Amino acid sequence: MGLELYNSLTRKQEEFVPLEEGRVGMYVCGPTVYGHAHFGHAKSYVSFDILVRYLRYLGYNVTYVENITDVGHLTDDADEGEDKIAKKAKTEHKHPMAIAEYYTRSFFEDMDKLNCVRPDISPRASGHITEQIDLVKTLLEKGYAYEVNGSVYFDVAKFKSYGKLSGRNIDEMITGTRVDTSPEKKNPADFAIWKKAEPNHIMQWPSPWGMGYPGWHLECSVMSMKYLGKTIDIHGGGMENKFPHHECEIAQSEAANDALFVKYWVHNNMVTVDGQKMGKSLNNFITLKQAFAGTHEKLTRQYDPLAIRQLVLNSHYRSPLDFSDAALFAAKSGYEKISSCVIEVRNRIKTATDGEVDETVGKTLEDLKEKFEKAMNNDLNTSVALSVLFELVRDTQKLLQDNKTNKQTLEAIDGLFSLLGGDVLGIVKDEYEQAGSVDNELMDKLVKILVEQRNEARKQKEYARADEIRKKIDEAGVVLEDSPNGTSWRIK
RNA sequence: GGCGGCGUAGCCAAGUGGCUAAGGCGACGGUUUGCAAAACCGUUAUUCGCCGGUUCGAAUCCGGCCGCCGCCUCCA
């Protein structure tokens, strides 16, 4: 069985078959860059990162496109009527492009820390204005759009399958609408693809219809078309964007191209913090930078970015995820359990004797790999995939209890950790900072002085003094661990 | 009100018709340790929001109810 994905369009889990054998074109709705990335971004982009990584693991040549929305649109219902980027630019006395650039860099920085592979192309909406104008022209020419007073609207009534993704029909939407609709529109369901700019609107461009700016939905249609073609294999995004954003993308693209826009629609679920919707007014809005640094009052400590990644993988991408401090702490403990096992295996490899890969171990590794792939093939069941990694940890730790395992067997184990835990899940690193690494050299020297003193006391059976030293070091945030091979330390 | 998603142990979370309801965290007991830590072993859901129904058999399918989350096009 190959990979199966849940397709939001058909509402069924389907076997994944790319349009062109061996190649996958994938487009993911990227962030609007007016603020630092938060937990919601973490869940979304880690989820799609897993999809890209797994497709590549399966041997597909993937082109991964994820846009940066730098022509502002409103994403926050608390602040109506103003472009988020323009608003930020005003309060910070900066050019909107400077705001966009600053938060774009911040976004990549955070995503790098979460170990998300960079998209192959990160197109900016502002860099594709001419293409967007061209699409508007095409839609006008084909009769799917109409111009009113410098704005251009998509004529929903002309596109018969409007609503196929979100399961809405136009008539119901009209009667059910709770807001006043623009008098410029023929039909309340029509949406702007080009908007006339008021003179004080900072971001505006010349067009055949006067100065203006593109409708939000337009950029994704244009950029996916430009880099991936008229029909793409996978389009990803958050569930909250199914309607209207993705629905409108479909309408524009299919009306313009007379071709299916997307074969598989993949939507990930939302996050909550302490069981509530994340929002600035609830004081539970936590950015990734705050989580990495432990500077938010809802968090008891700082969290390793990969522990946050692990929390995301602990649940399914289509399930909602609650970011509570307790959940983060549990993920951190689990993450460290895996890391310490991998580190120990790699340490043992250095001194292990040569030999053949143990037959029983080899068989177990094959079984685990198969189980892992089966889970991932089942609509990316990372929760089960992760449990396979924990099985590998348990089996490995048992094996490490004696010092008899040979080098080749240990290397095979490390290989599977690196492949499944590293390449696919992205929670096993190639290199770990060791206690004695360059970064920690001074720290290592200082701790060792204390360890020597304590071990001297232990030798003299002055345990009260030894325990006192250990307690003080512990209070400073360093844990000591005695073993037959000596005492090691790690940061709590 | 409409559309979509969800409700499984103290917490997080798989499982969507049938072997013992994964896994992680936490807790408790044991091995180990001078004592710890780490690691390992064991215990921790006769039961899957509630009530009915279908079936030889349901957490899993159907109906109803309760609760939670997202979206419902002025701008974006």
Side-chain angles (χ1 to χ4, degrees), chain A residues 8 11 32 69 71-77 79-85 154 156 163 165-170 172-185 187-192 195 213-217 238-245 247-248 267 269-272 275-277 310-311 314-316 318-324 326-338 340-341 344 371 375 378 381-391 393-394 396-398 400-401 458 461-464 466-467 470-471 474 479-484 487-490:
Chain A
S8 306
R11 279 162 221 171
T32 302
T69 298
V71 176
H73 67 265
L74 305 181
T75 56
D76 191 335
D77 55 8
D79 292 290
E80 288 190 318
E82 201 170 4
D83 177 314
K84 298 300 281 187
I85 295 175
F154 187 91
V156 166
L165 176 68
S166 54
R168 289 156 212 257
N169 77 59
I170 301 170
E172 275 178 16
M173 282 188 285
I174 296 164
T175 51
T177 190
R178 60 171 182 190
V179 287
D180 297 334
T181 52
S182 165
E184 288 182 351
K185 293 180 177 181
N187 187 320
D190 292 350
F191 55 94
K195 197 70 193 159
Y213 53 95
W216 166 38
H217 316 305
M239 245 168 54
E240 82 282 9
N241 280 334
K242 259 191 190 175
F243 188 87
H245 189 224
E247 197 67 61
C248 295
H267 288 101
N269 217 131
M270 314 309 291
V271 307
T272 52
Q276 284 184 299
K277 178 187 176 177
Q310 177 147 330
L311 177 59
N314 187 230
S315 70
H316 191 90
R318 286 194 291 114
S319 302
L321 172 60
D322 186 44
F323 275 90
S324 62
L328 279 162
F329 187 80
K332 167 193 138 71
S333 299
Y335 168 68
E336 285 168 356
K337 183 177 187 161
I338 295 169
S340 61
C341 181
E344 187 57 24
K371 196 172 167 186
N378 183 19
N381 193 332
T382 51
S383 183
V384 171
L386 198 57
S387 80
V388 172
L389 226 55
F390 280 111
E391 269 187 68
V393 167
R394 198 176 56 239
T396 303
Q397 290 286 14
K398 269 189 244 180
L400 291 174
Q401 301 227 317
R458 289 171 72 204
K461 301 223 189 295
E462 293 171 22
Y463 293 121
D467 289 350
R470 184 173 62 197
K471 193 177 159 221
D474 183 86
V479 182
L480 296 187
E481 292 175 0
D482 298 328
S483 80
T487 303
S488 62
W489 65 271
R490 65 181 168 86

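Letters A, B, ... are given to chains in the order of the sequence lines, protein chains preceding strands, and every chain is numbered from 1. Note that the structure is a prediction, hence the values are computed from the model and not measured.
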Check if the side chain of [X] and the base of [N] share a donor-acceptor pair of N or O atoms closer than 3.5 Å.
X         : N      : answer
Asp322(A) : C11(B) : no
Asp467(A) : G34(B) : yes
Ser383(A) : A22(B) : yes
Arg470(A) : C35(B) : yes

Give [X] one of three labels, base, sugar-phosphate or nothing, depending on what nucleic acid heavy atoms sit under 4.0 Å from its own.
X         : value
Leu400(A) : nothing
His217(A) : nothing
Asn381(A) : sugar-phosphate
Asn269(A) : sugar-phosphate
Ser319(A) : sugar-phosphate
Glu240(A) : sugar-phosphate
Asn241(A) : nothing
Arg458(A) : base
Lys337(A) : sugar-phosphate
Ser333(A) : sugar-phosphate

Given the [atom1] atoms of [N] and [M], what is the spacing between them in whole Å?
N      : M      : atom1 : result
G34(B) : A27(B) : C1'   : 26 Å
C19(B) : G64(B) : C1'   : 34 Å
A22(B) : C68(B) : C1'   : 25 Å
C6(B)  : C62(B) : P     : 12 Å
C12(B) : G4(B)  : C1'   : 24 Å
A45(B) : C11(B) : P     : 13 Å
G24(B) : C35(B) : P     : 28 Å

Under 3.5 Å donor-acceptor, Asp482(A) side chain and Thr487(A) backbone
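Side chain of Asp482(A) to backbone of Thr487(A): no pair is present.
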Strictly by Watson-Crick or wobble contacts shorter than 3.5 Å, is anything paired with A9(B), and which nucleotide is it?
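Pairing partner, where one exists within any strand: none, as none qualifies.
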Determine whether the aromatic ring of Phe390(A) stacks with the base of G23(B), defined as ring centroids separated by less than 5.5 Å and ring planes inclined by less than 30°.
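By the stated criterion, Phe390(A) and G23(B) do not stack.
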How many angstroms lie between CZ in Arg458(A) and OH in Tyr463(A), if you round to the nearest 0.5 Å?
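The OH atom of Tyr463(A) is 7.0 Å from CZ of Arg458(A), to the nearest 0.5 Å.
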Can you tell me how far the NZ atom of Lys332(A) sits from the CD atom of Gln310(A), to the nearest 0.5 Å?
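The distance works out to 12.0 Å.
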Name every donor-acceptor pair, under 3.5 Å, that has one atom in a side chain of residues 381-391 of chain A and the other anywhere in the protein, sequence neighbours excluded.
residue, atom, partner, partner atom, Å
Asn381(A), OD1, Ser383(A), N, 3.4
Asn381(A), OD1, Val384(A), N, 3.2
Thr382(A), OG1, Leu313(A), O, 2.8
Thr382(A), OG1, Ser315(A), O, 3.2
Ser383(A), OG, Asn314(A), O, 3.0
Ser387(A), OG, Val384(A), O, 2.6
Glu391(A), OE2, Lys371(A), NZ, 2.5

